[in-house]
Amino acid sequence: QVQLVESGGGLVQAGGSLRLSCAASGRTLSTYTMAWFRQAPGKEREFLAAINWGGGRTYYADSVKGRFTISRDNGKNTVYLQMISLNAEDTATYHCAAKRGVNLRRRTDDYDYWGQGTQVTVSS
């Protein structure tokens, strides 16, 4: 079993930056593919980025490519999402997720473990 806890969300002005963290416990993350998703009120959960266990491969949604960067520190059992140039459309609850296996996927059904999320609010 893997427990995931996100942190780093908050209120930020448009154009600002945030770095989200996802700390894992229960098992080492080093063999899991990790991802970030977000969900705005009334909308479906949206894939943002995924990273393989070694950190050498990443995959981004077109909507955040160039603005968001996913990274991981297996020694700290933590995954990060660096976000820049934030705008009001980025307002959502951000969740990290973990899946077994090496393939980078974008469907929620592909992920085995989820965190409760951290709220990001961007004021315009």
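Numbers here simply count residues along the sequence, with the first being 1. Hydrogens, waters and symmetry mates are skipped; everything else that's a heavy atom, side chains included, is used.
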Could you check whether any side-chain N or O of [X] sits under 3.5 Å from a backbone N or O of [Y], counting only pairs where one atom can act as donor and the other as acceptor?
X	Y	value
Thr33	Gly101	yes
Asp73	Asn77	no
Asn103	Arg105	no
Asn74	Trp53	yes

Just by distance, with hydrogens left out, do [X] and [Y] show a side-chain donor and acceptor under 3.5 Å apart?
X	Y	answer
Arg38	Tyr94	yes
Thr93	Glu6	no
Arg106	Tyr59	yes

Can you find a heavy atom in the side chain of [X] that is under 4.5 Å from one in the side chain of [Y]?
X	Y	value
Met83	Thr69	no
Arg100	Asp112	yes
Ser17	Gln82	yes
Ser124	Asn87	no
Val79	Trp36	yes

State which residues pass side chain to side chain donor-acceptor pair (under 3.5 Å) with Arg57; sequence neighbours excluded, sorted by chain then number.
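Listed in chain order: nothing, the list is empty.
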Can you see whether Trp114 has Arg45 sitting over its ring - NZ or CZ less than 6.0 Å from the centre and within 45° of the normal?
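Yes, a cation-pi geometry holds between Arg45 and Trp114.
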Which heavy-atom pair separates [X] from [Y] by the least distance, and what is that distance?
X	Y	result
Asp90	Phe68	OD1-CZ, 3.9 Å
Ser21	Thr78	CB-CG2, 4.2 Å
Gly26	Gln3	CA-OE1, 3.6 Å
Gly9	Leu20	N-CD2, 3.6 Å
Val122	Thr91	N-OG1, 2.9 Å
Leu18	Gly8	CD2-O, 3.7 Å

With the 4.5 Å side-chain cut-off for hydrophobic clustering, are Met34 and Val64 part of the same group?
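They do share one cluster, since a chain of ILVMFWY contacts under 4.5 Å joins Met34 to Val64.
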Do Leu86 and Tyr80 sit in one hydrophobic cluster, given that two such residues count as connected whenever their side-chain heavy atoms are within less than 4.5 Å of each other, even indirectly?
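Per the 4.5 Å side-chain linkage, Leu86 and Tyr80 are not co-clustered.
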All pairs passing disulfide bond (SG atoms under 2.5 Å apart) where residues 26-68 contributes a residue, at least two apart:
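Disulfide bond (SG atoms under 2.5 Å apart) check on residues 26-68 returns no pairs.
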Quick one: [atom1] on [X] to [atom2] on [Y], what's the gap to the nearest 0.5 Å?
X	Y	atom1	atom2	answer
Thr31	Asn52	OG1	CG	12.0 Å
Leu4	Tyr111	CG	OH	12.0 Å
Thr58	Arg72	OG1	CZ	12.0 Å
Arg19	Ile84	CZ	CD1	14.5 Å
Leu48	His95	CG	NE2	10.5 Å

Report the C-alpha distance between Leu11 and Ser123 in whole Å, list the side-chain angles of each, state the deciding distance to 0.1 Å, and finish with yes or no for side chain to side chain contact (heavy atoms under 4.5 Å, CB included).
CA-CA 7 Å; Leu11 177 63; Ser123 63; 4.3 Å; yes
Around atom CD of Gln119, are there more than 12 heavy atoms from other residues, nucleotides or ligands closer than 6.0 Å?
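Buried by this count: over 12 neighbours within 6.0 Å.
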Do the ring planes of Phe37 and Phe47 sit parallel (below 30°), tilted (30 to 60°) or perpendicular (above 60°)?
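The arrangement is perpendicular - the two ring planes meet at more than 60°.
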